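These numbers come from a predicted model, not from an experiment. Numbering of ligands and ligand atoms starts at 1, following listing order.
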Amino acid sequence: MDLEKRFIASVSAASKQIGDDGAVIGSTVYSNDAFIEGTHFKRAWMTPRQIAYKAFAVNISDAVAMNAVPRYALLAIGIPSSFTAGEADALAAGFVEASAAFGCELIGGDTVKSERLIISLTIVSETRRPLRRSGIKRGDLLAFTGSVGKAKRELQYLLAGRRAHAQSHYVRPRLRREFIADAAPYLRAGMDISDGIYTDLQRLADLNRTGFSFFRPLGKSAGCSGEEYEMLVAFPPRMRKRVEYLARKHRTPLTVFARAARTRYKNPCKSHHF
Ligand SMILES: Nc1ncnc2c1ncn2[C@@H]1O[C@H](COP(=O)(O)OP(=O)(O)OP(=O)(O)O)[C@@H](O)[C@H]1O
Ligand SMILES: Cc1ncc(C[n+]2csc(CCOP(=O)(O)O)c2C)c(N)n1
Ligand SMILES: [Mg+2]
């Protein structure tokens, strides 16, 4: 078991809330995601403004994954002393832009000096119908939104020394807010795809004590692509037509690829962690 999973399993002793994309307390959802230079991005790949925007977007993704509307954000940031005033301004502009774009007010945080650029955001969001990772029943259909695989390709370009395209989904994830808000009543479970479909399916498998029978294999290039920020959802077969209709309504590609079944799930991807 990797170190990260082990650590999370240990701290889970502190609260039953741990384990989903966000913690639901009443109708409020709390979530946090870190975005760290060297782990999640390299400085040469994106402008400071793009880095700030993406850090915000990947955090909003967890709120969307819980079917929650983002309201407030708290930002902790470590800025390297090598940053120029212009770069610090650009970073701030990225957070201000994203805060407006997602309707999520930045109400506070903490700013420190640090060797690398580190960003941690906490999002407070509101939901009337939380979409959890648990609740999948045998026979439920599994589907993902969008087209997956592009983020991994883009990452490979970047690691090979090329520069990111400003409009790419890797730089600017497109979130499926409207589709999820409309489809939530018909979904049994959902999560956002941050580590890659196959790795995220492992979490659904463990949590729901189920395996999956695939209608067609996804292939590693799509299945092991992380940072997609598309949605992975499960719903009963009788809801299929309705969910597909809502996907079309919101121009959201939806691929039904498996059903929950009594098989043993094996994640074919290499872990990139630690
Ligand atoms: N340091 C921590 N302390 C407490 N809870 C944690 C900690 N790290 C993770 N968790 C909780 O463990 C669960 C799994 O976290 P994980 O980071 O894998 O979620 P995720 O949404 O898939 O994240 P990411 O988008 O970073 O891949 C979440 O409920 C999260 O809140
Ligand atoms: C410098 C650099 N190296 C590797 C990657 C690939 N990568 C990092 S985190 C992650 C998934 C989500 O992880 P987490 O669970 O930590 O949020 C992926 C696919 C990258 N983006 N930048
Ligand atoms: Mg998540």
Side-chain angles (χ1 to χ4, degrees), residues 1-25 29-46 50-51 54-68 70 76 116-125 130-134 144 148-161 164 168-171 173 175-176 180 189-204 206-207 220-233 267 269-274:
M1 189 165 70
D2 68 73
L3 218 62
E4 206 178 331
K5 200 168 160 192
R6 185 190 169 96
F7 179 82
I8 294 171
S10 303
V11 294
S12 291
S15 168
K16 281 202 166 55
Q17 292 291 340
I18 292 173
D20 218 310
D21 291 297
V24 186
I25 314 285
V29 178
Y30 300 85
S31 57
N32 175 283
D33 223 348
F35 200 58
I36 309 290
E37 179 180 356
T39 301
H40 299 97
F41 64 90
K42 294 193 190 213
R43 287 271 305 285
W45 293 354
M46 292 183 277
Q50 287 170 332
I51 291 169
K54 182 170 176 182
F56 214 114
V58 305
N59 269 273
I60 297 298
S61 179
D62 277 326
V64 171
M66 295 304 294
N67 186 35
R116 297 173 179 188
L117 177 57
I118 59 178
I119 297 165
S120 164
L121 272 152
T122 298
I123 305 290
V124 180
S125 50
L131 180 63
R132 300 181 199 267
R133 292 180 179 182
S134 56
F144 61 84
V148 298
K150 290 204 286 271
K152 187 177 183 185
R153 275 202 303 280
E154 182 113 19
L155 179 62
Q156 281 159 349
Y157 284 141
L158 290 169
L159 288 167
S168 81
H169 287 213
Y170 186 86
V171 174
L175 308 177
R176 306 295 182 179
I180 291 298
M191 68 183 295
D192 64 337
I193 303 168
S194 51
D195 288 322
I197 293 188
Y198 281 142
T199 300
D200 290 327
L201 278 173
Q202 179 75 66
R203 295 174 165 165
L204 294 184
D206 293 347
L207 211 64
K220 283 198 197 177
S221 55
C224 305
S225 178
E227 298 183 281
E228 293 286 345
Y229 302 106
E230 290 290 351
M231 285 290 296
L232 180 57
V233 295
N267 176 8
C269 309
K270 282 200 300 256
S271 166
H272 63 269
H273 289 113
F274 292 102

Near Thr39 (heavy-atom distance under 4.0 Å), the atoms of ligand 2 are 1 (C), 2 (C), 3 (N), 4 (C), 5 (C), 8 (C), 20 (C), 22 (N)

Residues in side chain to side chain contact (heavy atoms under 4.5 Å, CB included) contact with Asp20, at least two apart in sequence or another chain:
Met66, Arg132, Arg133

Are the side chain of Ser225 and the backbone of Lys152 linked by a donor-acceptor contact shorter than 3.5 Å?
yes

pair Val11-Ile18: side-chain heavy atoms closer than 4.5 Å:
yes

Just to be sure I understand the site: which N, O or S atoms from the protein are less than 2.8 Å away from the Mg ion (ligand 3)?
Asp21 OD1, Asp62 OD1, Asp192 OD1

Expected rows: ligand 1 N/O, protein N/O, dist below 3.5 Å:
from	atom 1	to	atom 2	distance (Å)
ligand 1	18 (O)	Arg203	NH2	2.9
ligand 1	21 (O)	Asp21	OD1	3.2
ligand 1	21 (O)	Asp62	OD1	3.3
ligand 1	21 (O)	Arg133	NH2	3.2
ligand 1	22 (O)	Arg133	NH2	3.2
ligand 1	22 (O)	Arg203	NH1	2.7
ligand 1	25 (O)	Asp33	OD2	3.2
ligand 1	25 (O)	Ser194	OG	3.1
ligand 1	26 (O)	Asp33	OD1	2.9
ligand 1	27 (O)	Ser194	OG	2.7
ligand 1	29 (O)	Gly19	N	2.7
ligand 1	29 (O)	Asp20	N	3.1
ligand 1	29 (O)	Asp20	O	2.7

Any side-chain donor paired with an acceptor under 3.5 Å for Asn32 and Ser120?
yes

Hey, does the side chain of Lys150 reach the backbone of Tyr170 with a donor-acceptor pair shorter than 3.5 angstrom?
no

Has Asn59 got a side-chain atom pairing as donor or acceptor with Asp33's backbone, closer than 3.5 angstrom?
yes

Within the distance-only criterion (no hydrogens, no angle test), does the side chain of Ser61 pair as donor or acceptor with the backbone N or O of Ala57 below 3.5 angstrom?
no

Is the shortest heavy-atom distance from the side chain of Lys42 to the side chain of Leu158 under 4.5 Å?
no

Answer with yes or no whether Tyr170 contacts ligand 2, where contact means a heavy atom under 4.0 Å from a ligand atom.
yes

Using the test ring-ring contact (aromatic ring centres under 6.0 Å, His included), find all partners of Phe144 that sit at least two apart in sequence or belong to another chain.
Phe257

Quick one: does Trp45 get a heavy atom under 4.0 Å from ligand 2?
yes

Just go through Asp195, Leu155, Ile36, Leu159 and tell me whose heavy atom is the nearest to atom 12 (C) of ligand 2.
Asp195

Geometry only, no angles: is Glu227 polar-contacting ligand 2 at N/O separations under 3.5 Å?
yes

Student check: side-chain heavy atoms of Met46 and Phe41 closer than 4.5 Å
yes

Got a donor-acceptor contact below 3.5 angstrom from the Asn267 side chain to the Cys269 backbone?
yes

Counting each atom of ligand 2 from 1 as listed, which ones have a heavy atom of Gly38 under 4.0 Å away?
1 (C)

Answer yes or no: is there a donor N or O on one side and an acceptor on the other, between the side chain of Asp200 and the main chain of Asp195, under 3.5 Å?
yes

Heavy-atom check, side chain of Leu232 versus side chain of Arg203, under 4.5 Å:
no

Option with minimal heavy-atom separation from atom 9 (S) of ligand 2, where the choices are Lys54, His40, Glu228:
His40

